[in-house]
Amino acid sequence: MISDATLKRTHNCGQLRESDLDSEVRLCGWVRSYRDHGGVIFVDLRDRFGITQVVFDTPEEGDEAGKAMYALADSLRNEWVISVAGLVRHRGEDRINPKLDTGQIEVVSTELTVLNESDSVPFEPDSFTEVAEDTRLKYRYIDLRRPEMTRSMILRHEITAAMRSVLNEEGFIEVETPFLTKSTPEGARDFLVPSRMNQADFYALPQSPQLFKQILMVGGMDRYYQVVRCFRDEDLRADRQPEFTQLDLEMSFVTQADVMNITDKVLKKVCTVAGKEFPDQVPIITYDEAVDKYGIDRPDIRFEMLLHNVSDIVAKTDFKVFTGAIESGGSVKLICVPGGAKFTRKEIDAYTSFVADYGAKGLAWAKLEDGAFAGGVSKFLNADVQQQLRDAVGANDGDILFFAAADTDSVNKVLAPLRVKVAGDIGLYEPNSYAWCWVTEFPLVAYNAQQKRWDSLHHPFTMPSCDDLDALMADPGAAKSLAYDVVCNGTEMGGGSIRIHDRKIQEKVFELLGIGTEEAEEKFGFLLDALRFGAPPHGGLALGLDRIVMEMVSAPSLRDVIAFPKTQRGTCPLTGAPAEVDDDQLAELDLKIIVPHQK
RNA sequence: GGGACCGUAGCUCAAUUUGGUUAGAGCACCGGACUGUCGAUCCGGAGGUUGCGGGUUCGAAUCCCGUCGGUCUCGCCA
């Protein structure tokens with residue numbers, strides 16, 4: 001039986017300083033390491049707050065209690081949980097450990113209680129060993145004791161708290177929305193939940209609270225936010241989990257600029273909490289400019305090395321790859337890599353195989369050396385074309401040009417990742433720098449050639465920029481929307497839009513998207529209904545909390561900032577989820593497994 | 001659905017390229033020594049179905065086929 005007194009900590013393990021000398025203290029924590037010197041034992045005691053050194057001195061002759069304590073200390077092992085009472089003592093000037101915040105002092109133990117023993121752990125929760133990810137996830141409780149994980153969890157909490165505090169001050173209220181809701185046909189695949197009480201019916205877990213937050217606006221909530229889990233049943237990536245957390249917010253009677261301003265305030269506070277810079281003025285880039293110069297709608301603006309469209313210049317060459325692309329309506333774009341002429345054949349081949357992943361058939365290149373083009377496609381480019389290219393992109397001797405030629409979308413799709421890859425390889429930007437920007441004026445819709453229909457770029461509830469609905473229907477591809485994304489270092493951190501609050505416009509947009517009246521009624525009828533009863537103009541945005549934390553701690557994976565993440569196949573090594581269920585459970589849901597999976 | 005890489009002791013890795021003695025090392029673990037360490041040190045010990053299944057071979061961690069698991073990625077993710 002553990003006595004209550006042993007649990008009454010006076011301090012945590014990161015707290016004691018020189019100012020606490022001679023205090024009687026009690027600490028609880030985990031044995032991080034024990035160092036037995038025969039006549040003196042040191043224990044590093046760890047908790048979430050830090051590490052404090054505890055010392056066990058050789059007991060005096062005849063001190064039986066001291067001897068018992070020393071023997072107990074002698075038996076301690078890594079990761080045992082102990083409670084120590086003792087006296088704070090200065091280590092002595094030559095024994096200070098500068099690596100520890102508490103490194104000036106130590107606690108001389110006067111009483112030791114073992115609160116729990118530990119089997120020898122599958123891996124040491126230190127910062128020195130890289131442990132395989134599935135092992136870390138299986139023993140996540142050990143992994144969470146590692147300083148990096150502890151730090152990430154704490155920062156994640158602080159970031160969430162900062163978000164809430166800014167929005168609370170700005171008059172927002174946090175409202176919860178359902179997790180058991182209705183499947184929506186658009187967008188990602190839904191996670192389905194069978195309904196026991198409604199045979200053969202299913203709930204869906206929300207991909208986002210989009211419709212609910214709009215309805216909250218109709219309900220007069222005015223300013224809403226929610227730190228909320230979202231679910232999408234799609235394949236995973238390092239930066240994609242099937243369940244992830246958003247800071248979701250929505251505001252009534254606002255313009256796009258209002259939403260962006262609030263978001264800037266939130267992000268500023270978040271960055272301050274994380275000890276990072278945030279610009280006073282976040283650059284705003286239009287979608288068209290982003291795609292033109294960066295090849296992508298989430299530009300990494302930490303560095304230049306922009307894409308240049310050189311179709312006009314190379315149209316006159318005899319190089320069929322270039323002219324063919326242009327003649328069939330595509331383009332030729334390039335990036336000019338400063339100092340890239342020193343790339344070896346092997347390095348260029350590596351980039352060629354890199355772009356192949358993005359659908360490129362090859363990578364045309366030309367080095368600039370001694371006033372002329374050399375190698376690669378140089379022979380197709382006469383002196384005049386070479387000079388025009390130099391002038392157009394500001395290229396110098398020592399650079400290399402990487403060309404892509406195809407339909408413009410494909411060209412961008414290849415050059416955008418190549419630009420980022422090369423910049424990282426040659427160190428074009430500071431690894432610990434942050435560059436935020438807004439991307440605005442998104443197209444309302446994009447043509448889906450496969451399905452032969454117009455798809456929303458953002459979602460079907462996004463307000464078109466133009467008032468003229470006839471013009472919208474006549475040329476949908478030209479229409480812009482009141483949508484905006486916030487981007488950091490080439491990663492989309494959040495996005496939102498002004499929503500349609502007018503039922504007539506909403507119906508028109510559904511019509512454009514090929515969603516018939518009946519279908520719209522069945523799937524979004526509740527929203528259309530709400531729009532009939534005094535829906536205020538409103539708009540909002542959602543920030544990806546996991547991605548923001550990931551970026552703030554420079555983690556390579558989202559899994560490093562989520563306490564209990566899933567593996568790439570969507571499993572949880574800790575719990576074993578997902579798993580089979582009993583036939584009884586299935587029967588109760590009127591479900592039957594038709595094809596049993598192999599185990 | 002496709003591509004790439006990986007899987008050897010509890011953990012991190014070596015031995016695989018070129019098949020060949022008893023599969024090694026560090027950390028952790030167990031025992032011992034040591035009164036000032038701090039990723040303690042020193043001495044000793046134990047620890048292996050080389051993911052799994054099959055094949056080739058006199059002989060397989062090593063080569064081949066399949067399979068399972070992990071990671072990255074293309075597609076996918078309004």
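Residue numbers start from 1 in every chain, and the chains themselves are labelled A, B, ... in the order their sequence lines are given, proteins ahead of strands. What you see is a predicted model, and the numbers here were worked out from it, not measured in a lab.
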Student: Please name the nucleotide paired to B/G48 by Watson-Crick or G-U wobble geometry with both distances under 3.5 Å, or report none.
Tutor: none
Student: For B/C77, does the base pair up with any side-chain atom of A/Arg232 as donor and acceptor (N or O, under 3.5 Å, distance only)?
Tutor: no
Student: How long is the line joining CD of A/Gln53 and C1' of B/C38, in whole Å?
Tutor: 6 Å
Student: Rounding to a whole Å, what distance do you find between A/Glu130:CD and B/C27:P?
Tutor: 19 Å
Student: For the base of B/C68, is there a side-chain donor-acceptor partner from A/Arg569 under 3.5 Å away?
Tutor: no
Student: Check whether the side chains of A/Ser410 and A/Asp407 place a donor and an acceptor atom closer than 3.5 Å, and report yes or no.
Tutor: yes
Student: Under 4.0 angstrom, heavy atoms only, what part of the nucleic acid is A/Ser120 near: base, sugar-phosphate, or nothing?
Tutor: sugar-phosphate
Student: Once you round it to whole Å, what is the distance between P of B/C77 and CG of A/Asp235?
Tutor: 10 Å
Student: Taking CZ from A/Phe56 and C1' from B/A40, how many angstroms apart are they, rounded to a whole number?
Tutor: 17 Å
Student: Please determine whether any donor N or O and acceptor N or O are separated by less than 3.5 Å between the side chain of A/Arg35 and the base of B/G39.
Tutor: no
Student: Are the ring centres of A/Tyr70 and A/Phe56 closer than 6.0 Å?
Tutor: no
Student: Test your reading of the model: is there a side-chain donor-acceptor pair from A/Arg48 to the backbone of A/Thr150, 3.5 Å cut-off?
Tutor: no
Student: Does B/G36 have its OP1 or OP2 closer than 4.0 Å to a side-chain nitrogen or oxygen of A/Arg91?
Tutor: no
Student: Name the residue closer to the 5' end of RNA chain B, choosing between A/Tyr358 and A/Lys566 according to the nucleotide with the nearest heavy atom.
Tutor: A/Lys566
Student: Can a donor-acceptor pair be found between the side chains of A/Asp248 and A/Tyr224 at a distance below 3.5 Å?
Tutor: yes
Student: Base, sugar-phosphate, or nothing for A/Asp36, non-hydrogen atoms under 4.0 angstrom?
Tutor: base
Student: Could you say whether the aromatic ring of A/Phe123 and the base of B/C11 stack, counting only centre distances under 5.5 Å and plane angles under 30°?
Tutor: no
Student: Could a donor-acceptor pair under 3.5 angstrom be found where the side chain of A/Arg89 meets the base of B/G36?
Tutor: yes
Student: Check whether the side chain of A/Glu106 and the base of B/G36 form a donor-acceptor pair under 3.5 Å.
Tutor: yes
Student: Mapping A/Ala238 and A/Ser208 onto RNA chain B by nearest heavy atom, which one lands closer to the 5' end?
Tutor: A/Ala238
Student: Tell me the interatomic distance from A/Glu243, atom CD, to B/C77, atom C1', rounded to whole angstroms.
Tutor: 16 Å
Student: State whether the distance check finds a donor on one side and an acceptor on the other, under 3.5 Å, for side chain A/Asn97 versus base B/C38.
Tutor: yes
Student: What is the distance from CD of A/Gln568 to C1' of B/C68, rounded to the nearest Å?
Tutor: 15 Å
Student: Is B/A4 paired to anything, Watson-Crick or G-U wobble with both distances less than 3.5 Å, and if yes, which nucleotide?
Tutor: B/U71
